[in-house]
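First up is the structure itself, then whatever we jot down about it.
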Amino acid sequence: MSVASATRAAKSTTRPGGTLYRGHEGMWSWVLHRITGVAIFFFLLVHILDTAVVRISPEAYNAVISSYQNPLMGVGEIGLVGAIVFHALNGLRIIAIDYWRKGVKYQRAMFWTVIAVWVVLMAAFIPRQIIVIISEVQG
Amino acid sequence: MTTIATPRSPYTRSPRRGLNWEKAGWLYMRISGVILVVLILGHLFVNLMLGEGVKGIDFAFVAGKWASPFWQVWDVLMLWLALIHGANGMRTIVNDYATTRGMRVTLKTFIGISAVGLILLGTLVATTFDPCPQVSVDQLDLLPSFCPPQ
Ligand code: HEM
């Protein structure tokens, strides 16, 4: 590295460069994949426990599941579905990078495809969920 | 004395015997991932988009699904694939961030116990489920409509 480029590298604090993975789509997709993976895992632990209550009695299950049926949880479900849909779509992108010959070349385009499909699916789910939330409030 | 390989000699893998577990786990993440896309997005669509959404979920809704082996198999498959996938993913993350051996062993033990315990619990619940259990008279309307009169 020349002195000039070393100084340039030291100055550019906002955009780390020079590695394949830091910054940009490659890093952020990984960060999001990791955070959503952990979040889904913890939700799944709780979700198996709440579903297991069906085996106790109809009354007990309805009581537990009704704690999901309020506006706060309704909004939380939008976050949960958003996390799962991102993780699922980006998971397919990871698999394509590993197995498709041109996967690495198109990883950036595939990231933005993931975001686009995510927006479409969420645009289908969110209005539907808002209607459900409103009907929950109205009883 | 250590011998240094001739410069530029081609890389050779050290021979290993037996199953490469790390590679099996890597492969599993991908195979289970593809199947989970169908199972989980289908699950979300049927439970949250169709009908009344999450508002419509109650005992009778679950009973209506699990009266059919199709949804029992769907859900048990989803349970096993997702928990093992999630637990193995969590293991990777623990390996990345936990700095001491003790911490790694502790966290991975917790992850393993939760995964195995919940797989057993979930499988038991879904396979021994009775859509028309005996209930007291005031709870008869909580049962699905296809249940015979008690
Ligand atoms: C919906 C379908 C899913 C797909 C397509 C998918 C795909 C993937 C892929 C390809 C990986 C990367 C593995 C690697 O880098 O070697 C991964 C990691 C992971 N997944 Fe999933 N997954 C899905 C569902 C889930 C679910 C339901 C959970 C939680 C129970 C989960 C939790 C995780 C975790 C915790 C990781 C590790 C993340 C990391 O190492 O940064 N995934 N997933």
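Every chain is numbered from 1, with letters handed out A, B, ... down the list of sequences. Computed from a predicted structure; not experimentally measured.
Under the 4.5 Å side-chain heavy-atom criterion for ILVMFWY residues, no single connected hydrophobic cluster contains both I97(A) and L89(A). Connection of M78(B) to V73(B) is not established within any shared hydrophobic cluster, with ILVMFWY side chains joined at heavy-atom distances below 4.5 Å, either directly or through further cluster members. Residue I126(A) is grouped with residue V54(B) when hydrophobic side chains (ILVMFWY) are merged at heavy-atom distances under 4.5 angstrom, including chains of intermediate members. The hydrophobic clustering, which links ILVMFWY residues whose side-chain heavy atoms are closer than 4.5 Å, places M110(A) and V114(A) apart. Both V46(B) and L79(B) belong to a single network of hydrophobic side chains, linked directly or stepwise wherever heavy atoms of I, L, V, M, F, W or Y lie under 4.5 Å apart.
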Inset, instruction - Just do the side chain to side chain contact (heavy atoms under 4.5 Å, CB included) check on R30(B) and D98(A) with the steps written out, would you? - result: CA-CA 9 Å; R30(B) 279 142 187 83; D98(A) 291 334; 2.6 Å; yes

Legend entry - I48(A) and I119(B): CA distance, side-chain angles, deciding distance, side chain to side chain contact (heavy atoms under 4.5 Å, CB included) verdict: CA-CA 9 Å; I48(A) 294 167; I119(B) 284 179; over 6 Å; no

Inset, instruction - Apply the test side chain to side chain contact (heavy atoms under 4.5 Å, CB included) to residues L45(A) and L83(B): give CA-CA distance (whole Å), side-chain angles for both, the deciding distance (0.1 Å), then the verdict. - result: CA-CA 8 Å; L45(A) 301 187; L83(B) 260 179; 4.1 Å; yes

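Taken to the nearest 0.5 Å, the CG atom of D75(B) stands 8.5 Å off from the OG1 atom of T51(A). Of the inter-residue distances, the one linking Q129(A) atom CD with K55(B) atom NZ reads 12.0 Å to the nearest 0.5 angstrom. Of the inter-residue distances, the one linking T128(B) atom OG1 with R55(A) atom CZ reads 3.5 Å to the nearest 0.5 angstrom. The CD1 atom of I84(A) lies 6.0 Å from the CD1 atom of I40(B); values are rounded to the nearest 0.5 Å. Remark: E77(A) CD to L44(B) CG distance equals 10.0 Å, nearest 0.5 Å. From H85(B), atom NE2 reaches atom CZ of F41(A) across 11.0 Å, with rounding to the nearest 0.5 Å.
In this structure, chain B has a heavy atom under 4.5 Å from the side chain of I94(A), while its backbone stays farther away. Using a 4.5 Å cut-off between heavy atoms, L27(B) contacts chain A through its side chain alone, with no backbone atom that close. Both the backbone and the side chain of I93(B) come within contact range of chain A, each with at least one heavy atom under 4.5 Å from a heavy atom of that chain. Contacts of L36(B) with chain A are absent, with no heavy-atom separation under 4.5 Å from either backbone or side chain. Residue Y61(A) touches chain B through its side chain alone, counting heavy-atom pairs closer than 4.5 Å. Interface remark: L121(B) contributes side-chain atoms only to the contact with chain A (heavy atom separation under 4.5 Å).
For the set G33(B), A87(B), S114(B), the entry with the most heavy-atom pairs within less than 4.5 Å of chain A is A87(B). For the options W26(B), W66(B), F45(B), F61(B), heavy-atom pairs under 4.5 Å to chain A are most numerous at W26(B). Here Q69(A) is the residue among H47(A), H87(A), Q69(A) with the most heavy-atom pairs under 4.5 Å with chain B. In terms of heavy-atom pairs under 4.5 angstrom with chain A, the leader among D130(B), L124(B), V37(B) is V37(B).
Between the side chain of N62(A) and the backbone N or O of F59(B) there is at least one donor-acceptor pair closer than 3.5 Å. Under a 3.5 Å cut-off, the side chain of Q139(B) and the backbone N or O of P58(A) do not form any donor-acceptor pair. Proximity of a side-chain donor or acceptor of R128(A) to a complementary backbone N or O of M49(B) within less than 3.5 Å is detected.
Applying the 6.0 Å contact sphere to CZ of F42(A) captures no more than 12 heavy atoms from other residues, nucleotides or ligands. Surrounding CH2 of W71(B) are more than 12 heavy atoms belonging to other residues, nucleotides or ligands, all under 6.0 Å away. More than 12 heavy atoms of other residues, nucleotides or ligands shown are found within 6.0 angstrom of CZ on F146(B).
At a threshold of 4.0 Å, the pair D96(B)-R34(A) counts as salt-bridged, since one of the basic side-chain nitrogens sits closer than that to a carboxylate oxygen.
Contact of the L44(A) side chain with the L118(B) side chain is not registered, since no non-hydrogen atoms from C-beta on lie closer than 4.5 Å.
Nearest heavy-atom pair across V132(A) and G53(B) is CG2-CA, 4.1 Å.
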